[in-house]
A.B. asks: 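Questions regarding the structure given below will be posed in turn.
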Amino acid sequence: QVQLVESGGGLVQPGDSLRLSCAVSEFTSDYRTIAWFRQAPGKEREAVSCIRYDNGVAFYSVSVKGRFTIARGNAWTTVYLQMNNLQREDTALYYCAAARADYYCANGFWPGQYDYWGQGTQVTVSS
């Protein structure tokens, strides 16, 4: 079973940057895509970005496109989320998740498509 561990969250000011990491326990054929989701207090979990294993194609939500970048490590056991120009509305608990099929990473993806989840890392943007 795939295990995921997020790290890199913290407290930053508006306009700052953070890089989140998602460490995957081992590469197996059980998953073909990794995604980042976030959940703010009182809100539903929302998609942030995803990346396909086979070709590195990535997708972003409208709210983060142009500010966030997802990337994978060479061994596909780490996926990063570089977050630039952070805003207060980016404050949330950020989760990484893995799915078995790469077509679950596309324009429009949602939590129910993903099978494995980490525990989350908190990102707080405040002045």
Side-chain angles (χ1 to χ4, degrees):
Q1 181 174 345
V2 176
Q3 294 182 331
L4 304 105
V5 179
E6 304 93 337
S7 62
L11 172 63
V12 296
Q13 295 184 341
D16 285 352
S17 298
L18 275 177
R19 188 177 79 159
L20 305 183
S21 297
C22 174
V24 185
S25 57
E26 61 181 271
F27 171 74
T28 74
S29 59
D30 284 347
Y31 67 95
R32 308 304 293 173
T33 184
I34 298 288
W36 286 94
F37 295 85
R38 66 186 182 185
Q39 188 165 18
K43 295 187 176 181
E44 293 186 353
R45 193 168 297 188
E46 66 169 339
V48 175
S49 181
C50 62
I51 187 167
R52 297 180 178 183
Y53 164 74
D54 285 342
N55 55 19
V57 171
F59 294 87
Y60 299 89
S61 67
V62 172
S63 60
V64 307
K65 195 170 186 177
R67 299 188 298 125
F68 292 12
T69 303
I70 192 170
R72 58 181 182 177
N74 291 335
W76 189 236
T77 54
T78 306
V79 173
Y80 305 98
L81 184 69
Q82 177 67 41
M83 306 185 296
N84 296 330
N85 191 23
L86 283 160
Q87 304 299 314
R88 290 182 178 82
E89 53 267 31
D90 296 316
T91 295
L93 188 60
Y94 283 71
Y95 298 91
C96 65
R100 292 188 174 94
D102 61 4
Y103 51 78
Y104 289 146
C105 179
N107 271 327
F109 60 98
W110 55 91
Q113 296 172 313
Y114 286 74
D115 304 295
Y116 306 104
W117 290 82
Q119 295 300 306
T121 184
Q122 178 67 38
V123 173
T124 302
V125 185
S126 175
S127 56

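All heavy atoms count here, side chains included; hydrogens, waters and symmetry mates do not.
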A.B. asks: Counting only N and O atoms by type, is there a donor-acceptor contact under 3.5 Å from the side chain of T91 to the main-chain atoms of V125?
C.D. replies: yes
A.B. asks: Any side-chain heavy-atom pair from V123 and M83 closer than 4.5 angstrom?
C.D. replies: yes
A.B. asks: After noting the C-alpha distance and the side-chain angles of T33 and D102, does the key distance pass the side-chain hydrogen bond (donor to acceptor under 3.5 Å, both in side chains) rule?
C.D. replies: CA-CA 5 Å; T33 184; D102 61 4; over 6 Å; no
A.B. asks: Side-chain contact, heavy-atom cut-off 4.5 Å: F59 with R52?
C.D. replies: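 Of all side-chain heavy-atom pairs linking R52 with F59, at least one is under 4.5 Å.
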A.B. asks: Keeping Y114 on the side-chain end and Y104 on the backbone end, is there a donor-acceptor pair under 3.5 Å?
C.D. replies: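 Yes, because the side chain of Y114 sits within donor-acceptor range (under 3.5 Å) of the backbone of Y104.
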A.B. asks: Under the 3.5 angstrom rule, does the side chain of E6 hit a backbone N or O of C96 as a donor-acceptor pair?
C.D. replies: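 Judged by distance alone, yes, a pair lies under 3.5 Å.
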A.B. asks: Using modelled atom types and a 3.5 Å cut-off, is there a donor and acceptor pairing between side-chain atoms of R38 and backbone atoms of V48?
C.D. replies: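 Absent.
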A.B. asks: Measuring from atom CZ of R88 to atom CD of Q13, what distance do you get when rounded to the nearest 0.5 angstrom?
C.D. replies: 9.5 Å
A.B. asks: Between the side chain of Q87 and the main-chain N/O of N85, is any donor-acceptor distance below 3.5 Å?
C.D. replies: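 Looks like yes, one N/O pair under 3.5 Å.
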A.B. asks: Give a yes or no on whether Y53 and L4 share a hydrophobic cluster (residues Ile, Leu, Val, Met, Phe, Trp, Tyr; joining criterion: side-chain heavy atoms under 4.5 Å apart).
C.D. replies: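 Result: yes, single cluster for both.
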A.B. asks: F68 vs L18, test: side-chain contact (heavy atoms from CB on, under 4.5 Å). Steps then yes/no.
C.D. replies: CA-CA 10 Å; F68 292 12; L18 275 177; over 6 Å; no
A.B. asks: Got a second to check how far D54's CG is from C105's SG, nearest 0.5 Å?
C.D. replies: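 Result: 11.0 Å between the selected atoms.
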A.B. asks: Going hydrophobic residue to hydrophobic residue with side-chain gaps under 4.5 angstrom, can you get from L81 over to V2?
C.D. replies: yes
A.B. asks: Below 6.0 angstrom between ring centroids: does that apply to F37 and F109?
C.D. replies: yes
A.B. asks: Using every non-hydrogen atom in the two residues, find where A40 and A92 come nearest and quote the distance to one decimal.
C.D. replies: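 Heavy atoms of A40 and A92 come nearest at N-CB, 3.8 Å.
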A.B. asks: Going hydrophobic residue to hydrophobic residue with side-chain gaps under 4.5 angstrom, can you get from Y94 over to Y116?
C.D. replies: yes
A.B. asks: Give a yes or no on whether Q119 atom CD has more than 12 heavy-atom contacts from other residues, nucleotides or ligands under 6.0 Å away.
C.D. replies: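 Open: at most 12 neighbouring heavy atoms sit under 6.0 Å from CD of Q119.
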A.B. asks: What pair of heavy atoms forms the shortest contact from W36 to S21, and how long is it?
C.D. replies: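 Looking at all heavy atoms of both residues, the closest pair is CH2-O, 3.6 Å.
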A.B. asks: Report the relative orientation of the aromatic rings in W117 and Y95; use parallel for angles under 30°, tilted for 30 to 60°, perpendicular for over 60°.
C.D. replies: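 If you compare the ring of W117 with that of Y95, the planes turn out perpendicular.
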A.B. asks: Can you see which heavy atom on S126 is nearest to which on L11, and at what distance?
C.D. replies: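 Of all heavy-atom pairs spanning S126 and L11, the closest is CB-CD1, 4.2 Å.
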A.B. asks: Measuring only between side-chain heavy atoms, which start at C-beta, is V62 closer than 4.5 Å to K65?
C.D. replies: no
A.B. asks: Do you know which two heavy atoms are closest between A98 and I34, and how far apart they sit?
C.D. replies: CB-CD1, 3.7 Å
A.B. asks: Mind listing the closest non-hydrogen atom pair of V12 and S17 along with its distance?
C.D. replies: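 Result for this residue pair: CG1-O, 4.3 Å.
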A.B. asks: Are the side chain of Y60 and the backbone N or O of I70 linked by a donor-acceptor pair below 3.5 Å?
C.D. replies: yes
A.B. asks: Can you name the nearest heavy-atom pair linking S127 to P14, along with the distance?
C.D. replies: N-CD, 3.9 Å
